[in-house]
*Asks:* 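Below is a structure I'd like to ask you about.
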Amino acid sequence: MSEISKAYEPEAVENRWYAEWLSAGCFKAVADPKRQPYAIMIPPPNVTGRLHMGHVLDNTLQDIFVRRARQEGKAVLWQPGTDHAGIATQTKVEKQLLESTGQSKHDLGREAFLEKVWDFKQASGGVILQQLQKLGASCDWDRASFTLDEDYSKAVLTAFVRFYQRGYIYRGKRMVNWCPATQTALSDEEVTMRAQNGILYKMRYELVEPDGERTHLEISTTRPETLMGDSAVAVHPEDARYQHLIGQTVWRPFPREEIPIIGDSYVDREFGTGCLKVTPAHDKNDFEIGQRHDLKLIEVIGADGYMNEQAGEEFAGVERFEARKRAAKKLETMGLLVAREAYENNVGYSERGHVPIEPRLSEQWFLKYPKVAAAKRAVESGAIRFYPDRWKKTYLHWLDGIQDWCISRQLWWGHRIPVWYKKGLARSELDFDNPKHVHVSIEGPNDPENWEQESDVLDTWASSYLWPMANLGWPHPNPEQQKELDFWYPTTTLVTGFDIIFFWVARMIMASLELYGEDQEVLSDAEIAKRLPFKNIFIHGLIRDEKGRKMSKSLGNSPDPLDLIQKFGADGLRFGICNIAPSGSDILFSEERIQIGRNFCNKLWNAVRFRQMSGPMSDNSDLASILQRLDRTLFDDPDHWILQRLCDLTQSLESGFQDYEIAPLTHRLYAFFWSDFCDWYVEASKAKLQASEALRDNCLAIQDLVIRQFLQLAHPVMPHITEELWQALGYAQPQTYIHQALLSPAQELIQSLRPDASAVERVAQLQTLITQGRALKAQYRLASKRDVVVYYTAEAPDQVTLEHNQALINRLAGFKSCTALDPKVASGMPATVTPLATLYLDLSSSLDLAAESARLTKDLAKLEQQVSIGEKKLGNEKFMKSAPEKVVAGARKQLAEARAKRDETKRLIESFQQNSASLKSES
RNA sequence: GGGGGCUUAGCUCAGUUGGUUAGAGCGCAUCCUUGACAUGGAUGAGGUCGCAGAUUCGAAUUCUGUAGCUCCCACCA
């Protein structure tokens with residue numbers, strides 16, 4: 001703050017301090033057993049990704065938590081890192097390769113292609129971590145880890161092998177979600193259902209043996225292109241209409257073949273005609289029916305989404321949606337198509353490939369989830385807590401119905417599954433229980449030349465589910481890592497969006513419970529508590545645009561956070577995004593809504609600038625020296641009041657952090673600093689600053705104290721500007737930074753400041769009086785005049801208060817003078833009734849008495865209503881009996897005030913009417 | 001079909017265990033460039049808290065019913 005600029009310019013300040021923090025090693029995590037541990041593992045962003053608004057929110061929140069923890073003297077670890085993001089990264093590189101050289105990955109071969117991916121990772125990887133630094137994230141960057149790092153990979157393979165050995169992982173031929181675009185299997189979680197406007201085709205399958213009048217069965221389908229794979233028609237076994245046909249056959253139109261009519265209770269009699277075509281190779285439910293009835297599996301769609309030879313010559317090589325049209329057309333020409341009806345149904349889409357998935361039978365690796373019961377128990381018992389609490393239901397509900405997880409991906413970029421097959425044996429001949437056939441280990445077989453490794457890699461989530469423990473050295477920690485594991489594990493808090501509770505959060509919990517520690521079937525609560533990956537889960541909402549739409553590149557509604565940092569400063573952006581983040585629901589983003597952050601920084605900057613201009617700086621080097629500069633005997637009412645407010649703020653932030661109630665955080669900081677401190681206290685100070693030196697110094701000491709505490713409280717949200725001002729005002733000890741100064745707890749602060757409650761009460765009354773005084777002026781277009789003459793009438797004790805605060809009132813309300821006046825003389829002046837006094841505005845010029853009287857009459861009606869409500873309440877015996885004393889006292893006070901105001905207003909109206917009458921008679 | 005969540009000022013949202021006259025920011029209107037800040041100051045307009053019942057001395061807050069919106073899970077061709 002060497003040059004005093006009028007507006008805060010964040011860029012230089014932020015870059016300078018961030019660089020200095022880094023070089024001073026401020027974010028280094030040190031496991032210090034004398035301190036309380038605090039650890040957060042960053043949800044690893046995609047290594048080749050770019051920062052988006054979701055990251056900004058997620059990481060700002062984490063940074064707030066860890067910075068606050070440092071101020072509380074805890075030993076903090078914020079572990080950064082990135083995720084290899086299998087499908088996303090691989091497809092990106094494939095696309096680039098195709099565009100630049102026209103080659104596919106198969107042209108290059110596995111090894112050469114992977115080299116390309118590593119090159120890409122090297123080139124673009126880590127950019128996102130640099131972007132996080134721009135945001136001010138205080139991670140221990142030296143620890144940055146990557147899910148494909150050597151050690152991390154070892155952990156991933158160890159997990160696989162242990163799960164395999166314990167019987168949780170198996171290989172099986174199953175119906176899986178197949179993405180024809182990326183040509184890999186996906187887990188159920190990677191498939192999103194989307195409503196589609198499709199067509200329901202009604203068609204007929206001719207009976208081979210006509211049944212009296214009946215010559216055919218009518219069947220509805222949305223997918224006529226699969227009919228070539230039909231191997232039966234199913235009806236409900238108890239359906240009287242068709243029961244007797246079970247066992248007979250119908251003609252599949254093409255390729256023309258007799259297929260059986262079977263009875264299966266899966267069929268819904270109510271739906272359509274109650275007949276279902278069964279395509280076991282291309283539908284999950286049909287597959288199960290096929291299993292039950294030993295039906296033929298006829299695959300007609302290939303892995304690439306194109307029809308194969310089985311579909312018949314006419315269709316082979318045709319893309320699946322084109323084939324749909326052609327199949328319908330063909331049915332039509334054959335006279336078998338009864339109708340096309342518009343139909344809305346849900347279709348599963350590949351999250352990554354953005355195309356409809358194809359249910360497809362294939363050999364895959366599956367994980368039977370371990371420790372499901374313990375994972376539920378952990379959350380039910382409160383060993384792990386969700387904030388907000390309601391997400392625990394979502395979590396528990398998901399665990400109730402989970403099915404085995406398909407963990408293999410037909411990709412190259414990822415952890416290759418550590419399974420080797422003996423060469424020379426056909427896959428179908430393999431006996432997985434025979435170690436001579438199948439080898440499973442981390443290191444691989446001793447005679448690799450005789451083995452062939454599984455070509456699939458693991459789902460990315462089947463590596464990131466070890467994130468907290470693997471980053472700290474699991475499974476084979478060295479002594480240093482062991483110390484850290486003992487200290488920081490389980491980690492304190494996980495901060496993430498609700499969209500990955502299933503993908504990541506739940507899987508981390510289950511994996512940790514199974515793997516962290518010895519193999520154990522059933523876990524005690526104590527054992528659960530030791531194994532958990534984290535104790536608290538803070539769930540925040542997703543960022544959407546101002547219309548509530550998801551942010552996406554194609555919509556162009558996803559702003560670049562770096563542009564926003566440029567515009568508003570990192571601190572401004574952080575403050576702004578927190579300020580609009582409600583607790584746990586979606587966040588509607590717009591630039592307009594985060595301007596508040598930049599404005600607030602500017603306000604803070606200028607308030608401090610004003611402090612520097614107001615008088616000499618004194619010893620600010622620690623709280624004790626500022627306290628020494630205070631002279632309680634010189635305290636006036638606003639002094640007590642602002643100190644009380646400061647204690648209140650400190651207290652409310654304490655409980656906010658305690659309960660993870662961080663949504664109100666920015667509101668509290670903002671209201672305190674802007675309204676209480678700047679609008680009232682600093683304005684009130686201005687008179688004192690020009691009074692005696694003693695008064696001035698005392699006032700400056702209070703300002704220094706308030707600003708100091710405020711900077712500390714605001715620091716987690718706005719780290720850079722608070723550091724800048726902290727140093728500028730001399731709060732820092734040499735070579736130290738703001739986060740190293742311990743935060744004074746509210747209790748301590750209250751004890752050393754002892755704000756006077758009656759003074760606090762008086763200030764509240766004065767504020768009302770001043771506000772009403774200003775309003776009175778505004779009514780007569782005198783708002784900005786500062787030389788208005790005002791009189792007051794008040795009860796004796798209130799009069800004392802008014803006299804004491806004369807200068808304050810005049811300055812804040814813009815009065816030239818405000819003096820006591822005989823009520824009789826005052827009559828005829830416009831007035832306003834406040835709890836402390838009635839104010840009269842001296843208008844030397846003419847005045848619209850009728851208008852004034854009308855205004856007061858409106859007030860009177862309101863007051864009458866208040867009085868009657870109060871009287872009714874206090875006259876109610878039951879209320880007097882059952883309401884707490886505090887509430888009754890409050891009601892009494894309120895009624896008394898309302899009565900007084902009412903009577904005063906009545907009196908004023910009468911005097912106006914008299915005056916107006918006398919004026920009329922004069923004229 | 002199952003389970004969440006939401007409905008309060010023009011907009012986005014607060015409103016802690018029921019208890020003084022329901023708040024904030026933005027927007028809007030009027031006034032003000034006074035020696036921290038126009039990224040500012042002052043004042044004001046604007047709400048029967050989705051609807052209907054119930055409990056209570058007292059309900060935005062609790063309960064029941066109901067309407068609308070929204071998200072997640074499952075999914076019938």
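The chains referred to below are lettered A, B, ... by the order of the sequence lines, with proteins before strands, and numbering in each begins at 1.
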*Asks:* Between A:Asp286 and A:Lys277, is there a side-chain N and carboxylate O pair less than 4.0 Å apart?
*Replies:* no

*Asks:* Grab the OH-P distance between A:Tyr205 and B:rA77 for me, whole Å please.
*Replies:* 16 Å

*Asks:* Between B:rC72, B:rG19, B:rG44, which nucleotide gets closest to the side-chain atoms of A:Phe502?
*Replies:* B:rC72

*Asks:* With the threshold set at 4.0 Å, does a side-chain nitrogen-carboxylate oxygen contact exist between A:Glu661 and A:Arg668?
*Replies:* no

*Asks:* Round to the nearest Å and state the distance from A:Asn346 atom CG to B:rG1 atom P.
*Replies:* 14 Å

*Asks:* Would you kindly give the OH-to-P distance between A:Tyr343 and B:rC75, to the nearest whole Å?
*Replies:* 15 Å

*Asks:* Salt-bridged, A:Arg645 to A:Asp676, with N to O below 4.0 Å?
*Replies:* yes

*Asks:* Using a 4.0 Å heavy-atom cut-off, does A:Thr771 contact any base of the nucleic acid, only the sugar-phosphate backbone, or nothing at all?
*Replies:* sugar-phosphate

*Asks:* For the pair made of CD in A:Glu288 and P in B:rC75, what is the distance, rounded to whole Å?
*Replies:* 10 Å

*Asks:* What I want to check is whether an N or O donor and acceptor connect the side chain of A:Glu683 with the base of B:rA42 at under 3.5 Å.
*Replies:* no

*Asks:* Between B:rG15 and B:rU62, how many Å separate the two P atoms, rounded to a whole number?
*Replies:* 12 Å

*Asks:* What integer distance in Å separates A:Arg549:CZ from B:rU70:P?
*Replies:* 15 Å

*Asks:* For a quick test of reading the model: is some side-chain N or O of A:Gln612 closer than 4.0 Å to OP1 or OP2 of B:rA36?
*Replies:* no

*Asks:* Within less than 4.0 Å of OP1 or OP2 of B:rA77, is there a side-chain N or O belonging to A:Asn345?
*Replies:* yes

*Asks:* Determine whether A:Phe589 and A:Ile577 make a side-chain contact, defined as any pair of heavy atoms from C-beta on separated by less than 4.5 Å.
*Replies:* yes

*Asks:* Tell me whether the side-chain N/O atoms of A:Lys686 come closer than 4.0 Å to OP1 or OP2 in B:rA36.
*Replies:* yes

*Asks:* Which whole number of Å gives the distance between the P atom of B:rA14 and that of B:rC6?
*Replies:* 9 Å

*Asks:* A:Ile259 versus A:Asp230: any side-chain heavy-atom pair under 4.5 Å?
*Replies:* yes

*Asks:* Write down the distance between CG (A:Asp286) and C1' (B:rA77), rounded to a whole number of angstrom.
*Replies:* 7 Å

*Asks:* Write down the distance separating the P atoms in B:rG68 and B:rU55, rounded off to the nearest Å.
*Replies:* 28 Å

*Asks:* Using atom P of each nucleotide, how far apart are B:rU16 and B:rA22 to the nearest Å?
*Replies:* 15 Å

*Asks:* It should be established whether A:Arg593 places a side-chain nitrogen or oxygen under 4.0 Å from OP1 or OP2 of nucleotide B:rC26.
*Replies:* no

*Asks:* Would you say the side chain of A:Ile642 lies within less than 4.5 Å of the side chain of A:Phe672, judging by non-hydrogen atoms?
*Replies:* yes

*Asks:* Would you mind classifying the nucleic acid contact of A:Met193 as base, sugar-phosphate or nothing, using non-hydrogen atoms under 4.0 angstrom?
*Replies:* base

*Asks:* Counting distance only, does the side-chain N/O of A:Asp571 pair as donor-acceptor with the main-chain N or O of A:His720 below 3.5 Å?
*Replies:* yes

*Asks:* B:rA42 P sits how many Å from A:Gln767 CD, rounded?
*Replies:* 12 Å

*Asks:* For atom P, what is the distance between B:rC28 and B:rG10, given to the nearest Å?
*Replies:* 15 Å

*Asks:* So does A:Lys881 get a side-chain nitrogen or oxygen closer than 4.0 Å to the phosphate oxygens (OP1/OP2) of B:rU56?
*Replies:* no

*Asks:* Report the nucleotide, chosen from B:rA36, B:rU39, B:rG19, that has the shortest atom-to-atom distance to any side-chain atom of A:Ala883.
*Replies:* B:rG19

*Asks:* Determine the interatomic distance between C1' on B:rA59 and the same-named atom on B:rC49; round to the nearest Å.
*Replies:* 11 Å

*Asks:* Taking only the P atom of each, what is the distance from B:rG18 to B:rA45 in whole angstrom?
*Replies:* 32 Å

*Asks:* Taking only N and O in the side chain of A:Asn285, is any of them less than 4.0 Å away from OP1 or OP2 of B:rC75?
*Replies:* no

*Asks:* P atom, B:rU61 versus B:rU70: distance in rounded Å?
*Replies:* 24 Å

*Asks:* Could you tell me whether A:Phe710 and A:Phe677 have their ring centroids closer than 6.0 angstrom?
*Replies:* no

*Asks:* Does the B:rC37 base have a donor-acceptor partner in the side chain of A:Lys6 within less than 3.5 Å?
*Replies:* no

*Asks:* Between A:Cys275 and A:Lys603, which residue's closest nucleotide on RNA chain B lies nearer the 5′ terminus?
*Replies:* A:Lys603

*Asks:* Does A:Asn579 make a side-chain N or O approach to OP1 or OP2 of B:rG25 shorter than 4.0 Å?
*Replies:* no

*Asks:* Whole Å only: how far is the CG atom of A:Leu812 from the P atom of B:rA42?
*Replies:* 10 Å

*Asks:* Under 4.0 Å: is that the gap between some side-chain N or O of A:Tyr266 and OP1 or OP2 of B:rC76?
*Replies:* yes

*Asks:* Looking at B:rU43, B:rA36, B:rG25, which one has an atom nearest to any side-chain atom of A:Ala778?
*Replies:* B:rU43

*Asks:* Within the structure provided, determine whether A:Ile537 and A:Trp391 are in side-chain contact (heavy-atom separation under 4.5 Å).
*Replies:* no

*Asks:* Considering only heavy atoms from C-beta outward, does the side chain of A:Met718 approach that of A:Arg574 to under 4.5 Å?
*Replies:* no

*Asks:* Which stems does RNA chain B form, counting runs of 3 or more consecutive Watson-Crick or G-U wobble pairs with both distances under 3.5 Å?
*Replies:* B:1-7 with B:67-73, B:10-13 with B:23-26, B:28-32 with B:40-44, B:50-54 with B:62-66

